[in-house]
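Structure, as structure tokens:
Hydrogens, waters and symmetry mates play no part in the numbers below; they use all other heavy atoms, side chains included. Keep in mind that what you see is a predicted model, and the values were worked out from it rather than measured. Just so we're on the same page: letters track the sequence lines, and every chain starts at 1.
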2 protein chains.
Amino acid sequence: MRSVMVQIPNTPTSADVARLAGVSRATVSYVLNNTSAVRISEPTRRRVREAARELGYVPHAAARSLRAGHSRMVLMPAPAIPVGPLYSRFLNELQWALGRLDYTVVQYGSVGLQGDEAARAWAELRPVAVLVPGAGLGPQGVHVLKRSGARAVVTLGPDRVEGAHALLMDHEAVGQCAGAHLYEGGRRRIGVVVPEEAGLEAYSRPRLAGVRQALQGTDATVTELPLAYTEEAAARLAARLAVPGRESGLDALFAYNDEYAMLLMRALQDEGVRIPQELAVIGADDLMLGRLLRPRLSTVHIELPSGRDLAELVDRAVRDPGGEPEVHRVLGASVVRRESS
Amino acid sequence: MRSVMVQIPNTPTSADVARLAGVSRATVSYVLNNTSAVRISEPTRRRVREAARELGYVPHAAARSLRAGHSRMVLMPAPAIPVGPLYSRFLNELQWALGRLDYTVVQYGSVGLQGDEAARAWAELRPVAVLVPGAGLGPQGVHVLKRSGARAVVTLGPDRVEGAHALLMDHEAVGQCAGAHLYEGGRRRIGVVVPEEAGLEAYSRPRLAGVRQALQGTDATVTELPLAYTEEAAARLAARLAVPGRESGLDALFAYNDEYAMLLMRALQDEGVRIPQELAVIGADDLMLGRLLRPRLSTVHIELPSGRDLAELVDRAVRDPGGEPEVHRVLGASVVRRESS
DNA sequence: TTGAAAGCGCTACCAT
DNA sequence: ATGGTAGCGCTTTCAA
């Protein structure tokens, strides 16, 4: 059986549709966009639609937005680090809500692009709005994006950026929660785990700072504990913490998040440290897995803003680009006390 | 201090750059694209670059690709479910590798779009290649994308799709591994957890089928165990499994993945079931957390293809769009035996 | 009710 | 070495 040469036809344009339907390109545009300002007879509409279907016509987004002078694209950088279930749900909700408002959400894979360089790359796509989680976008970047026609730039992160709307997700509050909780439990020598993995500083540093703030002016001390996310590193750290007269005589640990908490707690238990009697441990993010440990892991529950609210902020900003940048504090943090603290 | 009215200037175009530099738009294009086929004097180059910098000029990707007749955009649907560390690393590697080959990776937020409808939406962006994980893209969709100029369509999933390249990620192999392992360990009444959460069928069904295959023709039985990812559901299931003369007298469990395994194992332990003596348990995905349980969780380690290899496949396909679709089996599965089985 | 044509920003051919 | 210009696919006046 001979392989059949299939002639791949050129991508059909609205002109092809017009030709096949025996009308002008204008009419095709009117029909396919349901333009209400103009009346097209029903038979013509049918012919046009039929022709489009037959040719498998798909409009060319670039041409359309070039002509229109703007797009409905909302751009976000694609997350470079694995994203937890919490944030993932938030993203989905956001995409869904923006979709409802007729925006197209696109995550741009900016691997290896630095701040303003990334902003340039994003600007080439002429998005109508840009959503940037974390730090990494400066006022320069915001300016580039706005000059390129972005009608809204929203940052989701620790601090606001000149010219952009901001959803302040203040991870210091997480640390404050944890610190205050441990202090109220009578703990005074508090260790704070700081992940060594790259890309986490944006969260770990504020969380550490939050603990420091909560304990400022008290008799408690805060010790920074760098930790890589491996069993070996955890074992080493646990051994150091477990020896008699041990490091700063710590009596409590805030472990950055539940995953690091779990890793370290297990290592400590293997060293014979009793939790929470000798050492209280608290994590953050309220992952399911924390409930499965024994003792059950205390944690700081984090409340993200609703995706719908953010979508509405974006829409508002797009409709009124001149408006004052909105700044909202949106990160709720509350202790979930279980058994480890 | 009076707030200063800032006139937001229009987005600068190459014509503005040309005007400011005192040259033609053609020259601007030549200079900014380093067109080698044409020689521009060094002073002119400098003037053009300077003007571009001064105006904050950013080229218009849509106009460029409209003119060129093609883009360098590789489109993937954005994952709708939280994505594990394994897959996340794979995605990053892929984006990095495609970036090196000068492609722009974009994840399209297709929430609520069904199969071919989604393909239409993607096609509007005229990507040069489309990467689709999971099922959900039919031959129709592939056809739409190709007609719209996509030079490569690659699916990553359980089975291949007519006309598209395929990276066969056969999750049956995962189930086969687990089933064979349990059987070799002398287990004969094997329960397989099937998550009730939506969106996971694409993985859970093949994994279950794999267990069945591995056990076909033996004296072992396979029991399907639906389970929602909550403590309550796990407790209920564990209670059913723990009663004397219990459900089918199961002596082993393949728990879909490590997270479900952990959830269920904890519930079983709370019921007093001894693991692995009374009931062997094995998960999948080889997450860190499995090592932290006691007993340590056995698991099926999964090997994803390298992002670099996939990037090269994409590039090859783009360069030779006529070529036969490549089909590769790319999912390695191997048992990591720890203490729970 | 429909068609002709301009023009969005860009690049590549052809002149000069 | 540089400039003029056509045209990518689309929408939207303005005319008929």
Using the ring pair (Phe, Tyr, Trp, His ring centres under 6.0 Å) criterion, which residues pair with Tyr87(B)? Sequence neighbours excluded.
Phe90(B)

Heavy-atom side-chain contact between His60(A) and Thr13(A) under 4.5 Å
no

OP1 or OP2 of dG9(C) less than 4.0 angstrom from a side-chain nitrogen or oxygen of Thr13(B), does that happen here?
no

Would you mind reporting whether Leu94(B) and Val105(B) have side-chain heavy atoms less than 4.5 Å apart?
no

Are there over 12 heavy-atom neighbours, none belonging to Glu42(A), within less than 6.0 Å of that residue's CD?
yes

Answer yes or no: does atom CZ of Arg308(A) have more than 12 heavy-atom neighbours from other residues, nucleotides or ligands under 6.0 Å?
no

Using 4.0 Å as the upper bound for N to carboxylate O, is an ion pair formed by Arg120(B) and Glu117(B)?
no

For Arg316(B), what residues pass the side chain to side chain donor-acceptor pair (under 3.5 Å) criterion, not counting sequence neighbours?
Glu326(B)

Trp122(B) and its side-chain contact (heavy atoms from CB on, under 4.5 Å) partner, picked from Val106(B), Val153(B), Leu145(B):
Leu145(B)

More than 12 foreign heavy atoms under 6.0 Å from CD of Glu162(B): is that the case here?
no

Any residue of residues 40-61 of chain A with a heavy atom less than 4.0 Å from an atom of DNA chain D
Tyr57(A), Pro59(A), His60(A)

Count the heavy atoms of every other residue, nucleotide or ligand shown that sit under 6.0 Å from CZ of Arg89(A), and state whether that count exceeds 12.
no

Side-chain contact, heavy-atom cut-off 4.5 Å: Arg49(A) with Val31(A)?
yes

Over the length of the helix from dT1(C)-dA16(D) to dT16(C)-dA1(D), how much do the five-pair end axes diverge, rounded to 10 degrees?
50°

Which residues within residues 62-72 of chain B lie with some heavy atom under 4.0 Å of an atom in DNA chain C?
Ala63(B), Arg64(B), Arg67(B)

For the CD atom on Gln140(B), are there more than 12 heavy atoms of other groups (residues, nucleotides or ligands in this structure) within a distance under 6.0 Å?
no

Look at all strands and tell whether Val23(A) reaches a base, only sugar-phosphate, or nothing, counting heavy atoms closer than 4.0 Å.
sugar-phosphate

Distance, rounded to the nearest Å, where Tyr30(B) contributes OH and dA15(C) contributes P:
13 Å

Start at the 5' end of DNA chain D and walk down; is the nucleotide closest to Ala15(A) or to Gly22(B) reached first?
Gly22(B)

Taking for Arg25(B) and for Arg39(B) the nucleotide of DNA chain D with the nearest heavy atom, the one nearer the 5' end belongs to Arg39(B)

Students should find that the nucleotides of DNA chain D closing off the region near chain A, any atom under 4.0 angstrom from a heavy atom, are dG9(D) to dT13(D)

Hey, are the side chains of Leu310(A) and Pro305(A) touching, using non-hydrogen atoms and a 4.5 Å cut-off?
no

